[in-house]
Engineer: 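The structure that follows is given in the form of structure tokens.
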Amino acid sequence: MSRSVEEILRTVRIDDLGRQHDHRVSPDTPLGEVYRVLDEKRHGAVMVCEDDRVVGIFTQRDILNRTAGKEVDVATPIGELMTREPVTLPADRRVAEALEVMVEGGYRHVPLIDAKGREAGLISSRVILRFIADHYPETVLNLPPRLHQQLARPEGG
């Protein structure tokens, strides 16, 4: 018997999704280098870490809100531009908790920490959506364009 999407999200741990570990820079990394990393690795965010501790995050949204259209030197340390003390989650939490944090905070990326509070990777909404789509392709493919949309009659031939 197949488990529901809700049941999977409430039981599967974030650890099981394959965390992203190469999203890490130090506070003194120049903005230009962070741009290069985001572009080359096709990331939407980097964690800013000091001594294995997450001290900040820098995302595509930060690029738009803090640098776009402004005279910001690409040599500026990312520590001056990052979002400080971001919300983090223990990597052993359930996927449903990650989604809840993301929805409530309007985040697309959340840094993960281990039991000792050290950096343990990054989880993104894209990874979670891919996980859901991979496990429930029929459910995902049959969703209406707008989630609360009610069709008057079935579409198709």
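Numbers here simply count residues along the sequence, with the first being 1.
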Engineer: Supply the atom-to-atom distance L89 CG to I113 CD1, rounded to the nearest 0.5 angstrom.
Structural biologist: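 CD1 of I113 is found 8.0 Å from CG of L89.
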Engineer: Rounded to the nearest 0.5 Å, how far apart are CZ of R108 and CG of L122?
Structural biologist: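 Interatomic distance, R108 CZ to L122 CG, rounded to 0.5 Å: 12.5 Å.
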Engineer: For K70, does the NZ atom have more than 12 heavy-atom neighbours from other residues, nucleotides or ligands under 6.0 Å away?
Structural biologist: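 Enclosed: over 12 neighbouring heavy atoms sit under 6.0 Å from NZ of K70.
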Engineer: Distance from I57 atom CD1 to H23 atom NE2, nearest 0.5 Å?
Structural biologist: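 Rounded to the nearest 0.5 Å, the CD1-NE2 separation comes to 9.0 Å.
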Engineer: For R93 and R13, what are the C-alpha separation, side-chain angles and deciding distance, and is it a side chain to side chain contact (heavy atoms under 4.5 Å, CB included)?
Structural biologist: CA-CA 5 Å; R93 293 288 172 88; R13 294 174 7 164; over 6 Å; no
Engineer: Heavy-atom count check: over 12 atoms from other residues, nucleotides or ligands less than 6.0 Å from D73 CG?
Structural biologist: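 Check passes, neighbour count above 12.
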Engineer: Do V37 and V54 share a hydrophobic cluster (ILVMFWY, side-chain heavy atoms under 4.5 Å, transitive)?
Structural biologist: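 Result: no, two separate clusters.
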Engineer: How long is the gap from OH on Y107 to CD1 on I123, to the nearest 0.5 Å?
Structural biologist: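 Spacing of OH (Y107) from CD1 (I123) equals 16.0 Å.
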Engineer: Are R36 and E33 within salt-bridge range, i.e. N to O under 4.0 Å?
Structural biologist: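 Yes, charged N to carboxylate O under 4.0 Å.
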Engineer: When rounded to the nearest 0.5 angstrom, what distance separates CG in L99 from CD1 in I128?
Structural biologist: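 These two atoms lie 4.0 Å from each other.
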Engineer: Nearest 0.5 Å, what's the CZ-OG1 distance between R61 and T83?
Structural biologist: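 Here the interatomic distance stands at 9.5 Å.
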Engineer: Go through the steps for V25 and F58 under the test side chain to side chain contact (heavy atoms under 4.5 Å, CB included), then give the verdict.
Structural biologist: CA-CA 10 Å; V25 298; F58 189 76; over 6 Å; no
Engineer: Can you confirm whether more than 12 heavy atoms, excluding those of R10, are under 6.0 Å from its CZ atom?
Structural biologist: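 No.
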Engineer: With D52 as reference, evaluate R118, K116, R24 under the side chain to side chain donor-acceptor pair (under 3.5 Å) test and give the passing residue.
Structural biologist: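 Per the side chain to side chain donor-acceptor pair (under 3.5 Å) rule, the option paired with D52 is R24, out of R118, K116, R24.
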Engineer: Hey, are the side chains of E119 and R53 touching, using non-hydrogen atoms and a 4.5 Å cut-off?
Structural biologist: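 Contact flag for E119/R53 side chains = no.
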